[in-house]
Amino acid sequence: MSVLNKKWQVSPKAPKEFIQEYPEFSYVILQLLYNRGINAQNKIDEFFNPDYQQDIFNPMLLKGMDRALERILKAYKFNERVAIFGDYDADGVTSSVLLMELFRDILGLKGQVYIPDRLTEGYGMNKAAVDWLNKKNIKLIITCDCGVSNKAEIDYARNLGIDVIVTDHHSLPHEFSHDYIVINPKQKGDQYPFKELAGVGVAYKLAQAIINNIKSFKSVKTDSVFEKNFLDLVAIGTIADCSPIISENRALVKYGIEVLKYNSRKGLQTLFDIAGLDKTKINTYAIGFVIAPRINSAGRLDHANTAYKLLATNKDQEAQALAKKINESNITRQKLTEEISIKAKNVIGDISKKNKILIAVGDDWPLGVLGIVAGKISEEYNRPVMIAGQGKDQTVGSARGIDAFNLIEAIAKNKAILLEYGGHKKAAGFTVANNNLNKFFANMIEIAGNDIKDEDLTPITKIDMELDVNQVNWDLYNELIKFEPFGINNERPLFKFTNVRFEAISALGKEKKHFKIEIVNNVNNLEVICFNFKNNLNNLKEGDIIDFIAEINQNQWNGYKKMQLIVKDIRIKKLHE
């Protein structure tokens, strides 16, 4: 296997009329806005000034919300025991904490949080869990970040006299009649304006609906401050689930980050300390690459209850113990991911354009890291990837995909031979009996072969625009940070720099994995840094001409700030002779 050469694709220039219409903005900022489809005054205002009051949609627009409120009001009036049934990832865990705090602290209801074990129970509801909750005298189950693939389990619960409210955001493999209470903006007939809420976002809409209708719940008092206190959980779950940071999500995440900076959750404070994060400087990168992986690691290698307890605890000693345990799980998770990645690549072997989808199966590979491994390999080779662990009777796997291929639609075509499946366009999971395994993979290879064109296999790096290195200054940087929070569909701007004369290079770090490049005529004294660089830079010689693409950032250390270009790819145009 070899790393693919990426195609650089610079976005088309914004129309002259658009540039002229907004003279208060620089050309660079207008180009970035145009690239993101922000091409009207109202969109610009909403993007730069997300407003909680104006940009958060009415939760009652969600199909099924009125009936959910009616059923929860019944639970309140009759003091029924309510169970929150959550998924074991960061999205599900944050959803579970949010809903339990809602029911416990606002409605005063007693209940139970149930998060299944990834290894022994798998994703979503299961009948054994329903039986256990029935013995606990649960009369209402509310799912979060799961449920739409569990129609049989919902029917089983209802036959036992337990009602179920589903809050979920995944694609629906089943159609639910009016007899079921399902809150999911993706369901047929739903009129909610924004379809890309994470699971925790849907749970938050339920919380909003209850708080907005709190007068129906007599003797219960709350206010908008309590509602906004949930936003730290919404930010973590939304970013962890790689939901687009646009529209309503952008407002939720922006305000959620502010809550995180000043939140009083002891578990999160302790986790920040152990991870070496200054919570006053928390951003989407810190959440997505530092906090979320640690929360996820609990459900991947042990049990997500550890992460749930960490977010829910108000005891210092317990927070310390749980944060330490989660941090150690994350270290183990990183080692396992590397180990299984190597094994999976060995199974896949050499690839060519004939290999439209990559598949690797191993005996009892740990389920908790399969999705990460699939994602890493998919990103590296720009193909959909399926990684699975085979047990005695069945095989459980995760799949990650590319823009040109809809994974969940392809997997759904095999539903007749699958035991379970679910997910999104680019991320999905499946369980298949071993006697159907070869047929399933053969079908997926055929579907991918028909749907994916050769040109889809060449990875494309999308570049916002071309700049001269001497255009990079503090004024530009201060304009760029207004685009935060960054995330899916609003990535950190990427720029192309051409015909730059190389002067010198030096290795950085203990393992010499990073490089600092010196360039000629560096007027603004920029640092040009290559982190964890895979490209071979040994051929660079003084005087060479290079093109590179980079993000603009700052290096702040010991009270001193310096502008940085973080290089993502580099090409030598002219070797020194």
Side-chain angles (χ1 to χ4, degrees), residues 62-75 78 80-88 92 95-96 99-100 103 109 111-118 120-190 199 202-203 205-206 393-394 396 408 411-424 428-433 436:
L62 282 159
K63 181 179 177 181
M65 186 64 80
D66 54 345
R67 296 175 59 238
L69 279 181
E70 183 181 342
R71 181 60 186 88
I72 292 168
L73 181 59
K74 176 184 174 183
F78 292 96
E80 293 177 337
R81 288 179 60 81
V82 178
I84 308 302
F85 198 109
D87 188 25
Y88 37 62
S95 303
S96 299
L99 289 182
M100 181 46 66
F103 280 83
L109 287 173
Q112 180 79 41
V113 168
Y114 192 99
I115 300 176
D117 184 283
R118 182 192 292 262
T120 61
E121 296 177 84
Y123 174 74
M125 294 176 64
N126 62 82
K127 292 180 180 179
V130 173
D131 286 335
W132 188 86
L133 292 171
N134 187 43
K135 291 178 182 178
K136 295 287 184 180
N137 198 32
I138 295 296
K139 297 302 179 184
L140 173 63
I141 295 174
I142 302 179
T143 75
C144 44
D145 195 33
C146 64
V148 294
S149 60
N150 296 123
K151 188 173 182 296
E153 290 78 11
I154 294 170
D155 290 340
Y156 183 76
R158 293 170 66 180
N159 287 334
L160 292 175
I162 303 173
D163 288 330
V164 179
I165 297 173
V166 173
T167 75
D168 202 350
H169 70 124
H170 294 95
S171 300
L172 285 78
H174 309 290
E175 281 197 25
F176 291 90
S177 69
H178 187 72
D179 292 338
Y180 298 83
I181 305 177
V182 177
I183 304 173
N184 184 331
K186 293 186 176 76
Q187 68 178 311
K188 187 177 180 179
D190 188 280
V202 180
K205 303 314 291 188
L206 177 60
D393 301 312
Q394 62 186 34
V396 181
I408 193 62
I411 291 174
K413 292 178 181 178
N414 296 274
K415 62 183 179 181
I417 59 173
L418 293 175
L419 299 175
E420 292 180 353
Y421 73 96
H424 310 284
F430 57 88
T431 303
V432 57
N436 282 322

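- With contacts defined as side-chain heavy-atom distances shorter than 4.5 Å, the pair Asp87/Cys144 does not qualify.
- One distance of note links CD1 of Ile84 with OG1 of Thr167; it measures 8.5 Å at 0.5 Å rounding.
- For the pair Ala75 and Leu140, the tightest heavy-atom approach, listed with the atom from each and the gap, is CB-CD2, 4.2 Å.
- Summarising the geometry, atom CG belonging to Leu99 is positioned 6.5 Å from atom CD1 belonging to Ile142; distances are rounded to the nearest 0.5 Å.
- You'll find the side chain of Asn184 stays beyond 4.5 Å of the side chain of Asp190, heavy atoms only.
- Looking at heavy atoms from C-beta onward, Ile141 lies in side-chain contact with Leu133 at the 4.5 angstrom threshold.
- Taking both residues in full, the closest heavy atoms of Gly86 and Cys146 are given as C-SG, 4.3 Å, listed atom of the first, atom of the second, then distance.
- Proximity of Glu420 to Phe430: side-chain heavy atoms (C-beta onward) are nowhere separated by under 4.5 Å.
- To the nearest 0.5 Å, atom CG of residue Leu419 and atom CG of residue Asn436 are 8.0 Å apart.
- In terms of heavy-atom proximity, Ile115 sits nearest to Tyr88 at CG2-CA, 3.8 Å.
- Evaluation of the side-chain hydrogen bond (donor to acceptor under 3.5 Å, both in side chains) test over residues 136-148, restricted to residues two or more places apart or in two chains, returns Asp145-His169.
- Within the 4.5 Å cutoff, the side chain of Val166 has no heavy atoms near those of the Ile183 side chain.
- Electrostatic pairing of Asp155 and Lys151 counts as a salt bridge here, judged by a charged N lying under 4.0 Å from a carboxylate O.
- In this structure, the side chains of Gln112 and Trp132 come closer than 4.5 Å at one or more pairs of heavy atoms.
- Closest of all the heavy-atom pairs between Ile181 and Gly64 is CG2-O, 3.8 Å.
- With values rounded to the nearest 0.5 angstrom, Ile162 atom CD1 is found 9.0 Å from Tyr156 atom OH.
- Side-chain contact check for His178 versus Arg67: some heavy-atom pair is nearer than 4.5 Å.
- Side-chain atoms of Asp117 come within 3.5 Å of backbone atoms of Thr120 as a donor-acceptor pair (strictly under, hydrogens ignored).
- Rounded to the nearest 0.5 Å, atoms CG (Leu160) and CG (Asn134) are 5.0 Å apart.
- Looking at residues two or more places apart in sequence or on another chain, you find a side chain to side chain donor-acceptor pair (under 3.5 Å) between His170 and Tyr123, Asp168.
- Between Ile408 atom CD1 and Tyr421 atom OH the span is 6.5 Å, to the nearest 0.5 Å.
- Between Glu153 and Arg158 there is no salt bridge, since none of the side-chain N atoms of the basic residue sits less than 4.0 Å from a carboxylate O of the acidic one.
- Formation of a donor-acceptor pair under 3.5 Å by the Lys188 side chain with backbone atoms of Phe176 is not found in this model.
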Original post:
Going through the checks in order, is the side chain to side chain contact (heavy atoms under 4.5 Å, CB included) test met by Val148 and His174?
Top reply: CA-CA 7 Å; Val148 294; His174 309 290; over 6 Å; no
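- For the pair Ser95 and Ala203, the tightest heavy-atom approach, listed with the atom from each and the gap, is CB-CB, 4.1 Å.
- Checked against side chain to side chain donor-acceptor pair (under 3.5 Å), Glu121 has the following partners two or more places apart in sequence or in another chain: Tyr114, Asn126.
- Proximity of Leu206 to Met65: side-chain heavy atoms (C-beta onward) are separated by under 4.5 Å at one or more points.
- Across all non-hydrogen atoms, the minimal contact from Leu109 to Glu80 is CD2-O, 3.8 Å.
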